[in-house]
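Written out below as structure tokens is the structure these notes cover.
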Amino acid sequence: QVQLVESGGGLVQAGGSLRLSCAASGRTFSDYAMGWFRQAPGKEREFVAAITWDGGTPYYADSVKGRFTISRDNTKNTVALQMNGLTPGDTAVYYCNFLHGWRGKRPYTSWGRGTQVSVSS
């Protein structure tokens, strides 16, 4: 059974930083690329960032490039998202997930509860 537990969200002022963490289980973690997604109120869930199974190739949505950094620890089955320079546009519930393919953006169907990130202006 796949389990995804996101944590680290909160309320910050614009320009601030947060570090999200995701603990994943139910699949062989090191076999999969991992990704972060977010969903703002009234909007579709969107891709934010991902990293290949070996941690060697991170890739990002244009909207967060240069501000967010994704990393993973295959010894702990965790993936993190360091978010700097936050803006109100980053306000959303953030989710992690396993991804199809080596450098894909398509998530599997099971989701965790997510973690809320709110950025005030």
Subject >> Sequence neighbours excluded - disulfide bond (SG atoms under 2.5 Å apart) pairs with any residue from residues 23-88 >> reply: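 Residue pairs passing disulfide bond (SG atoms under 2.5 Å apart), neighbours aside: none found.
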What side-chain donor-acceptor pairs closer than 3.5 Å can you find for residues 56-64, not counting sequence neighbours?
| residue | atom | partner | partner atom | Å |
| --- | --- | --- | --- | --- |
| Tyr59 | OH | Arg103 | O | 3.3 |
| Tyr59 | OH | Gly104 | N | 3.2 |
| Tyr59 | OH | Gly104 | O | 2.5 |
| Tyr60 | OH | Ile70 | N | 3.0 |
| Asp62 | OD1 | Lys65 | NZ | 3.0 |

Closest heavy-atom pair and its distance - [X], [Y]:
| X | Y | value |
| --- | --- | --- |
| Ala14 | Ser121 | CB-CA, 4.3 Å |
| Ala24 | Phe98 | CB-CZ, 3.7 Å |
| Gly85 | Arg67 | O-NH1, 2.9 Å |
| Pro107 | Asn97 | CB-ND2, 3.7 Å |

For a 4.5 angstrom cut-off between non-hydrogen side-chain atoms, does [X] reach [Y]?
| X | Y | answer |
| --- | --- | --- |
| Arg72 | Asn77 | no |
| Met83 | Leu20 | yes |
| Val117 | Leu18 | yes |

Please name all residues satisfying side chain to side chain donor-acceptor pair (under 3.5 Å) with [X], sequence neighbours left out, ordered by chain then number.
| X | result |
| --- | --- |
| Asn84 | Ser17, Gln82 |
| Thr75 | Asp73 |
| Thr69 | none |

Answer yes if [X] and [Y] sit in the same cluster of Ile, Leu, Val, Met, Phe, Trp and Tyr residues linked by side chain heavy atoms under 4.5 Å apart, and no otherwise.
| X | Y | value |
| --- | --- | --- |
| Phe47 | Tyr95 | yes |
| Tyr108 | Ile51 | yes |
| Trp111 | Val48 | no |

Subject >> Residues forming a side chain to side chain contact (heavy atoms under 4.5 Å, CB included) with Asp54, sequence neighbours excluded >> reply: Thr52
**OP:** State which residues pass side chain to side chain contact (heavy atoms under 4.5 Å, CB included) with Arg113; sequence neighbours excluded, sorted by chain then number.
**Re:** none
Would you be so kind as to tabulate the donor-acceptor pairs closer than 3.5 Å made by side chains of residues 37-45, with sequence neighbours excluded?
| residue | atom | partner | partner atom | Å |
| --- | --- | --- | --- | --- |
| Arg38 | NE | Glu46 | OE2 | 2.7 |
| Arg38 | NH1 | Asp90 | OD1 | 2.9 |
| Arg38 | NH1 | Tyr94 | OH | 2.9 |
| Arg38 | NH2 | Glu46 | OE2 | 3.3 |
| Gln39 | NE2 | Lys43 | O | 3.1 |

Give every donor-acceptor pair under 3.5 Å between a side-chain atom in residues 25-36 and any protein atom, sequence neighbours left out.
| residue | atom | partner | partner atom | Å |
| --- | --- | --- | --- | --- |
| Arg27 | NH1 | Tyr32 | OH | 3.4 |

**OP:** Supply the atom-to-atom distance Leu86 CG to Phe68 CZ, rounded to the nearest 0.5 angstrom.
**Re:** 5.0 Å
Original post:
Do any N or O atoms from the side chain of Thr91 and from the backbone of Val119 form a donor-acceptor pair under 3.5 angstrom?
Top reply: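 Pair found, side chain donor or acceptor close to backbone of Val119.
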If you look only at distance, which donor and acceptor atoms sit under 3.5 Å apart when one is on a side chain in residues 2-9 and the other is two or more places apart or in another chain?
| residue | atom | partner | partner atom | Å |
| --- | --- | --- | --- | --- |
| Glu6 | OE1 | Gly114 | N | 2.9 |
| Glu6 | OE2 | Cys96 | N | 3.1 |

